[in-house]
Amino acid sequence: QVQLVESGGGLVQPGGSLILSCTASGFKISGYDMGWYRQAPGNEREMVARISTLGGTYYKDSVKGRFTVSRDNAKNMLYLQMNALKSEDTAVYYCLRPPNYWGQGTQVTVSS
């Protein structure tokens with residue numbers, strides 16, 4: 001069955017970096033657009049970054065220039081490189097295979 005498992009979250013100071021990984025199983029990501037979403041306490045889940053099957057990318061305005069989404073079809077994995085992290089990036093980050101296959105999420109906390 002389709003399964004998505006995120007990893008790489010943690011506590012980081014403002015200005016720091018993290019790389020999130022999403023390990024997919026039960027399907028080949030090469031055939032799907034994929035996405036990263038996040039949800040902060042009290043907020044709705046929001047799109048952070050998307051990547052198409054051809055590698056085209058789209059980002060939420062507030063993360064442009066700081067975050068980079070990538071995919072490794074051979075490893076069946078999705079990544080999110082996050083640089084220059086801010087406190088407002090604190091959230092649970094989720095991997096999505098549209099329309100509705102979600103991972104369990106990984107917590108990212110940006111705090112000094």
Side-chain angles (χ1 to χ4, degrees):
Q1 71 277 20
V2 172
Q3 190 172 14
L4 299 166
V5 179
E6 301 93 339
S7 61
L11 173 64
V12 62
Q13 292 186 343
S17 298
L18 281 175
I19 301 176
L20 304 184
S21 299
C22 173
T23 302
S25 58
F27 73 103
K28 293 187 182 299
I29 68 167
S30 57
Y32 296 87
D33 295 351
M34 298 290 294
W36 285 99
Y37 285 66
R38 68 187 181 189
Q39 187 167 19
N43 290 356
E44 294 187 354
R45 195 170 296 188
E46 61 180 8
M47 189 279 295
V48 175
R50 297 197 310 259
I51 184 167
S52 73
T53 55
L54 297 179
T57 56
Y58 182 82
Y59 298 93
K60 176 180 173 61
D61 284 347
S62 63
V63 308
K64 285 179 181 177
R66 300 189 297 123
F67 289 12
T68 303
V69 59
S70 62
R71 61 196 301 157
D72 187 330
N73 291 337
K75 294 183 178 180
N76 222 35
M77 292 188 68
L78 183 72
Y79 302 98
L80 185 67
Q81 170 75 53
M82 305 187 295
N83 298 327
L85 282 160
K86 305 175 181 180
S87 58
E88 51 263 43
D89 296 318
T90 295
V92 178
Y93 283 71
Y94 298 90
C95 178
L96 169 70
R97 189 202 97 174
N100 56 6
Y101 289 99
W102 296 92
Q104 83 292 346
T106 186
Q107 176 70 49
V108 172
T109 302
V110 184
S111 175
S112 55

Approximate separation, where rounding is to 0.5 Å, of [X] [atom1] and [Y] [atom2]:
X   : Y   : atom1 : atom2 : value
Y93 : L80 : OH    : CG    : 7.5 Å
R71 : S52 : CZ    : OG    : 7.0 Å
C22 : M34 : SG    : CE    : 5.0 Å
Y94 : Q39 : OH    : CD    : 5.5 Å
D33 : T53 : CG    : OG1   : 5.5 Å
L85 : F67 : CG    : CZ    : 5.0 Å

Transitive ILVMFWY side-chain link Y58 to L96, under 4.5 Å: yes

Identify whether Y79 and L4 are in the same connected component of the hydrophobic contact network (ILVMFWY, side-chain heavy atoms under 4.5 Å). no

Do we see a donor-acceptor contact under 3.5 Å between the side chains of S17 and N83? yes

Side-chain ion pair, K64 and D61, N-O less than 4.0 Å: yes

A quick test of your reading: do over 12 heavy atoms of other residues, nucleotides or ligands sit less than 6.0 Å from NZ of K75? no

Residues, nucleotides or ligands: over 12 heavy atoms within 6.0 Å of E88 CD: yes

Evaluation steps, side chain to side chain contact (heavy atoms under 4.5 Å, CB included), between V92 and T106: CA-CA 5 Å; V92 178; T106 186; 6.0 Å; no

Does V5 offer a backbone N or O that forms a donor-acceptor pair with the side chain of Q104 under 3.5 Å? no

Keeping the roles fixed (side chain from Y59, backbone from V69), state whether a donor-acceptor pair exists under 3.5 Å. yes

Hey, are the side chains of [X] and [Y] touching, using non-hydrogen atoms and a 4.5 Å cut-off?
X    : Y    : result
T90  : Q107 : yes
N76  : F27  : no
V108 : R38  : no

Distance-minimising heavy-atom pair for [X] and [Y]:
X   : Y    : value
M77 : S21  : CE-CB, 3.8 Å
P14 : S112 : CD-N, 3.7 Å
G9  : L20  : N-CD2, 3.6 Å

Tell me if the centroids of the rings in Y37 and W102 come within less than 6.0 Å of each other. yes

M82 and V63: CA distance, side-chain angles, deciding distance, side chain to side chain contact (heavy atoms under 4.5 Å, CB included) verdict: CA-CA 9 Å; M82 305 187 295; V63 308; over 6 Å; no

